[in-house]
**Student:** 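Pasting a structure here, questions to come.
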Amino acid sequence: QEHYGGLNGLTVTWIGDGNNVLNSIMMSAAKLGMHLRIATPKGFEPDFRITKIAEQYSKEYGTKLLLTTDPLEAASGANVLATDTWISMGQEEEKKERLKAFQGYQITMQTAKFAASNWAFLHCLPRKPEEVDDEVFYSPQSLVFQEAENRKWTI
């Protein structure tokens, strides 16, 4: 909201794991007037119950919701590209399997070419290079440090 002056009509794209952070975005995006595009590998989709609620919210608030396995399809026209860790606490023993499943899901400048010209990048940190490359993470479009600073006020 700080960056764009408002949220209504923005398209947020999530590329990565169907985890708790995505669940929170799915529960709020439509209510805030944002379209949501999600790309996860097969087997790593968001919770089915959350998806059903998000679909209902999308209908109720007149927004669009897309779930796909194609990161570039999800990135198409996005104002915001977002991701999170692919290996959460307690999943360390799954690291090798997860890294293999998430090949092709790293957010790069190639991904950003599919996004809107005014795209921004978000990650709730800590970040690993396989999730987003340095070029995007340290780019002027990256708002990760502002995001972290804003989060500190809610803690």
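No hydrogens, no waters, no symmetry mates; every other heavy atom, side chains included, goes into these values.
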**Student:** Shortest non-hydrogen contact from Thr40 to Gly16?
**Tutor:** CG2-O, 2.9 Å
**Student:** Would you say Glu131's side chain and Pro129's backbone share a donor-acceptor pair under 3.5 angstrom?
**Tutor:** no
**Student:** When you compare the side chain of Val21 with that of Trp14, does any pair of heavy atoms fall below 4.5 Å?
**Tutor:**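 Counting from C-beta outward, Trp14 and Val21 do come under 4.5 Å.
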**Student:** Say you draw a straight line from CG of Leu99 to NZ of Lys128; how long is it, rounded to the nearest 0.5 Å?
**Tutor:** 9.5 Å
**Student:** For a quick test of reading the model, state the closest non-hydrogen atom pair linking Ala39 to Pro71 and the distance between them.
**Tutor:** CB-CA, 3.6 Å
**Student:** Identify the heavy atoms of Asp84 and Cys124 that sit nearest to each other, and give their distance.
**Tutor:** OD1-SG, 3.0 Å
**Student:** How long is the gap from CG on Asn79 to NE2 on His35, to the nearest 0.5 Å?
**Tutor:** 9.0 Å
**Student:** State, with a plain yes or no, whether a side-chain heavy atom of Thr111 is found less than 4.5 Å away from one of Leu72.
**Tutor:** yes
**Student:** Supply the atom-to-atom distance Glu73 CD to Thr13 OG1, rounded to the nearest 0.5 angstrom.
**Tutor:** 10.0 Å
**Student:** Looking at Glu149, I'd like to know if its CD atom is crowded, meaning that more than 12 non-hydrogen atoms belonging to other residues, nucleotides or ligands lie closer than 6.0 Å.
**Tutor:** yes
**Student:** Mark yes or no for whether Ser58, through its side chain, and Thr63, through its backbone, hold a donor-acceptor pair below 3.5 Å.
**Tutor:** yes
**Student:** Salt bridge check: are Arg37 and Asp70 linked by an N-O gap of less than 4.0 Å?
**Tutor:** no
**Student:** Check for a donor-acceptor pair, side chain of Glu94 on one end and backbone N or O of Gln91 on the other, with a separation under 3.5 Å.
**Tutor:** no
**Student:** Do Met34 and Val80 touch side chain to side chain, with heavy atoms closer than 4.5 Å?
**Tutor:**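 The answer is no, as the side chains (C-beta and beyond) never meet within the 4.5 Å cut-off.
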**Student:** Is it the case that the side chain of Glu147 and the backbone of His123 share a donor-acceptor pair, with hydrogens and angles ignored and the cut-off at 3.5 Å?
**Tutor:**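 At least one qualifying donor-acceptor pair exists.
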**Student:** Please confirm whether the backbone N or O of Tyr138 pairs with a side-chain atom of Ser142, one donor and one acceptor, at under 3.5 Å?
**Tutor:** no
**Student:** Can you check whether Glu135 reaches Thr108 side chain to side chain, under 4.5 Å on heavy atoms?
**Tutor:** no
**Student:** Under 30°, 30 to 60°, or over 60°: which ring-plane class applies to Phe137 and Phe121, parallel, tilted or perpendicular?
**Tutor:**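 Ring orientation, 0 to 90° scale: perpendicular.
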**Student:** For Gly33 versus Asn8, what's the shortest heavy-atom pair and its separation?
**Tutor:** CA-OD1, 3.3 Å
**Student:** For a 4.5 angstrom cut-off between non-hydrogen side-chain atoms, does Arg98 reach Asp17?
**Tutor:**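 In short, these two side chains touch, coming nearer than 4.5 Å.
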**Student:** So does Glu92 pair up with Lys95, basic N to acidic O under 4.0 Å?
**Tutor:** no
**Student:** Transitively linked via ILVMFWY side-chain contacts under 4.5 Å: Leu36 with Leu10?
**Tutor:** yes
**Student:** Does Tyr105 use its side chain to pair, donor to acceptor, with the backbone of Trp86 at less than 3.5 Å?
**Tutor:** no
**Student:** Can you name the closest pair of heavy atoms from Trp119 and Ser139 and give their distance?
**Tutor:**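 What the structure gives for the nearest pair is CH2-OG, 4.1 Å.
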**Student:** Could you report the tightest heavy-atom contact between Phe114 and Gln110, atom names first, then the distance?
**Tutor:** CD1-O, 3.4 Å
